[in-house]
There are 2 protein chains.
Amino acid sequence: MAPQDNAEGAGDRPPPITLADVAREAGVGESTVSRVLRGKGSVSDEARQRVLQTVRRLGYVPNRIAGTLASTGSRLVALVIPSITNIVFADVLSGASPTLTGAGYQAVFAVTDYDPKAEEDLIESMLAWRPSGLIVAGLEHTPRAFAMMRGAGIRIAEILDTDAEGIDIVVGYSNLDAGRASARFLASRGKRRIGYVGHDLARDKRGAKRYQGFCQALAGLGMHVADAEIVPALSSIELGRNGLAVLLDRTPDLDAVYFANDDLALGGLFHCMAKGISVPGQLALMGYNGLDVARLAPQPLATIRTPRRLIGEMAARLVCSDEPSGIYDVGFELIEGATV
Amino acid sequence: MAPQDNAEGAGDRPPPITLADVAREAGVGESTVSRVLRGKGSVSDEARQRVLQTVRRLGYVPNRIAGTLASTGSRLVALVIPSITNIVFADVLSGASPTLTGAGYQAVFAVTDYDPKAEEDLIESMLAWRPSGLIVAGLEHTPRAFAMMRGAGIRIAEILDTDAEGIDIVVGYSNLDAGRASARFLASRGKRRIGYVGHDLARDKRGAKRYQGFCQALAGLGMHVADAEIVPALSSIELGRNGLAVLLDRTPDLDAVYFANDDLALGGLFHCMAKGISVPGQLALMGYNGLDVARLAPQPLATIRTPRRLIGEMAARLVCSDEPSGIYDVGFELIEGATV
DNA sequence: AAACGTATTGGCAGCGCTGCCAAGTGGTGC
DNA sequence: GCACCACTTGGCAGCGCTGCCAATACGTTT
């Protein structure tokens, strides 16, 4: 842990190379260098070669900070997400990142940890970088966050949900419908004593909407959730394992359990495997998200697959383009798996 | 999928509010506004109140682009990582992000997809933002990438590996040692016919080092890898499942298999569960990374836990501070699990 | 030959802020 | 009363680049 000191020079750095240095060395005007580097405007082949060679020789790296200040657009896109270890958002980023890079944009991101006030503060500090676009998770924000986003004068994409009004661009699907579809699926397979294991729904707004849709659809079929175990923390496999144990302890005669997401459901599946509970014979399990690990488990999990990568890609493309604002509903897909 | 058009005004935006606007409205000089906003220099309470109130009234958001250009430091830290969906890097980011945010920095990131040339290009475009620090995975880079990093005059942290020379700051652990430790552990449990399932090692330099250490340690014990299945792609649960199937097909009498990481190992475990191969009775499995899902599987996986979050935190803290450069070895921990 | 487009080039203001400096104010000590 | 100091304040030159404009060169049209 102790640092082994490095002989890296502590000396004064030479002053950084600027565009003016390149211009002088190449014997051309600053504008010409700028034109060559941005590939805009016409420049003679001879001048271009001279500039490029000088750039290489001096190791010049353009200063985008200065460029951005001088021009209008910043070529930065801000991403504000609740979590980075949650694979859902990692997938969104993995869709957005190459799209942005490919279009010459840079991604700046910040993690709210599911805290609306933190989101508000982070949106503010992101806007200070004058990004040309902002991608943010969900449709629920604090009043000040709404005001800032509306007033920013940039493209805003809200993702992963379509169940409320959007500010500008919305890319996602209906979480209410996803919950409803799950309820109908379980009912269609003859399940009647259905339990629920979820996590902190005050923080996970979209999880709450799924549960709401789930209950609604059950009610429509004259049914209801027999018992629910809500663990007051963020979802994890461990929580699912424990949550299902507690639920079954309290209400042993369930024939199916709906989980707020695949992490929890996988924990539930592991619990059943460890306890010798036969799935789906004795108990059916259904998750949500369509994670790889759930698909490849010894018993593929019944779940709903959401096109998260695509959402990231589309949101990125839309905030960088002038395609019309509006709602882009990408839908979801119910995976029957082998646990129901 | 079709956008439902939104009535958002297409009108001309009012010119954005600048610090000069605030100064004029508040009846003070620009310097005073700047001092209030940055909490530097002395300002009378009365002036401060007037400024803060005006800022709130106008909804002024400072322009960090301009601020950065005018001052020296940029308060940006660049992160260049191979992947974002790989939980290892997501964990690193989740450690780095709050640390940076807490210190008033903004994280900018880019994903190389394990391609050295892409890394080179991305490092270049990140440096164009004049970050005050750069965090990059691993110690292997292209010559031009090395040159750019050395010449950038900023703090550089190379993470997740200590098995080669670093440029400036190194935060990680020895992958060679991790491989060696795994070999010794398997040998100590009496395993003699040991197989290996790995992925594209030309791309995963650190995985290659672990395998190298593993083979080295086995050789030291007068043993060797009985058979190895290298799948030419990035690791995944699916690949682990298929890889183990192929390996066992070819060499059925193995008594242990070492996997390049937990994704592959988990796939292997799932394969055994599906095929009724008893673990560790018939076959022992060992992974690497210490993922939650591996710890919580019906049979906890033998693996090596690496402090990825801590690495992210430390790297973030170090690039923002003037703590000494050098190697910070955070070590790793062997988890015996129940699969060996 | 004059007038006119097109390609190429350099100069320079200014993007919004910070750093530095000079100036003003009021309290203290001698 | 004067020198001195700490605190407070505003003015203004840049930071490194881009956008605009004017200038030049050269071929074409009438």
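Each chain gets a letter, A, B and so on, in the order its sequence line appears, and its residues count up from 1.
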Checklist entry - When you check the gap from the basic side-chain N to the acidic O, do B/R57 and B/E25 get nearer than 4.0 Å? => result yes
Checklist entry - Ion pair present between B/K205 and B/E140, side-chain N to carboxylate O less than 4.0 angstrom? => result no
Specify the separation, in whole Å, of atom [atom1] of [X] and atom [atom2] of [N].
{"X": "A/I65", "N": "C/dG16", "atom1": "CD1", "atom2": "C1'", "answer": "13 Å"}
{"X": "B/L19", "N": "C/dC15", "atom1": "CG", "atom2": "P", "answer": "13 Å"}
{"X": "B/R64", "N": "C/dC15", "atom1": "CZ", "atom2": "C1'", "answer": "18 Å"}
{"X": "A/K40", "N": "C/dT8", "atom1": "NZ", "atom2": "P", "answer": "17 Å"}
{"X": "B/E46", "N": "C/dT25", "atom1": "CD", "atom2": "C1'", "answer": "14 Å"}
{"X": "A/Y60", "N": "D/dC17", "atom1": "OH", "atom2": "C1'", "answer": "7 Å"}
{"X": "A/L69", "N": "D/dG14", "atom1": "CG", "atom2": "P", "answer": "17 Å"}
{"X": "A/R130", "N": "C/dC15", "atom1": "CZ", "atom2": "P", "answer": "14 Å"}

Item to check | Per B/V43 side chain, nearest of listed nucleotides C/dC17, C/dC15, D/dT9 | outcome: D/dT9
Item to check | Among C/dG16, C/dG10, D/dT18, the nucleotide that comes nearest once only the side chain of A/E30 is considered | outcome: D/dT18
Is [X] near enough to [N] that one of its side-chain N or O atoms lies under 4.0 angstrom from OP1 or OP2?
{"X": "B/S44", "N": "D/dT9", "result": "yes"}
{"X": "A/S42", "N": "C/dT6", "result": "no"}
{"X": "B/R38", "N": "C/dT18", "result": "yes"}
{"X": "B/S34", "N": "C/dT18", "result": "yes"}
{"X": "B/T32", "N": "D/dG10", "result": "yes"}

Checklist entry - Which is true for A/S71 with a 4.0 Å heavy-atom rule: it touches a base, it touches only sugar-phosphate, or it touches nothing? => result sugar-phosphate
Checklist entry - So what does A/A47 touch, heavy atoms closer than 4.0 Å: a base, only the sugar-phosphate, or nothing? => result sugar-phosphate
Item to check | A/T101 side, atom OG1; B/L122 side, atom CG - distance, nearest 0.5 Å | outcome: 6.0 Å
Checklist entry - Is any side-chain heavy atom of A/R48 less than 4.5 Å from a side-chain heavy atom of A/R35? => result no
Item to check | Criterion side chain to side chain contact (heavy atoms under 4.5 Å, CB included) on B/Y114 and B/S83, from CA distance to verdict | outcome: CA-CA 7 Å; B/Y114 295 92; B/S83 159; 3.8 Å; yes
Checklist entry - What about A/R35, does its side chain sit under 3.5 Å from the base of C/dG10 through a donor-acceptor pair? => result yes
Next on the checklist: Any donor-acceptor pair, under 3.5 Å, between the side chain of B/S31 and the base of D/dG11, if you only look at N and O atoms?
Outcome noted: yes
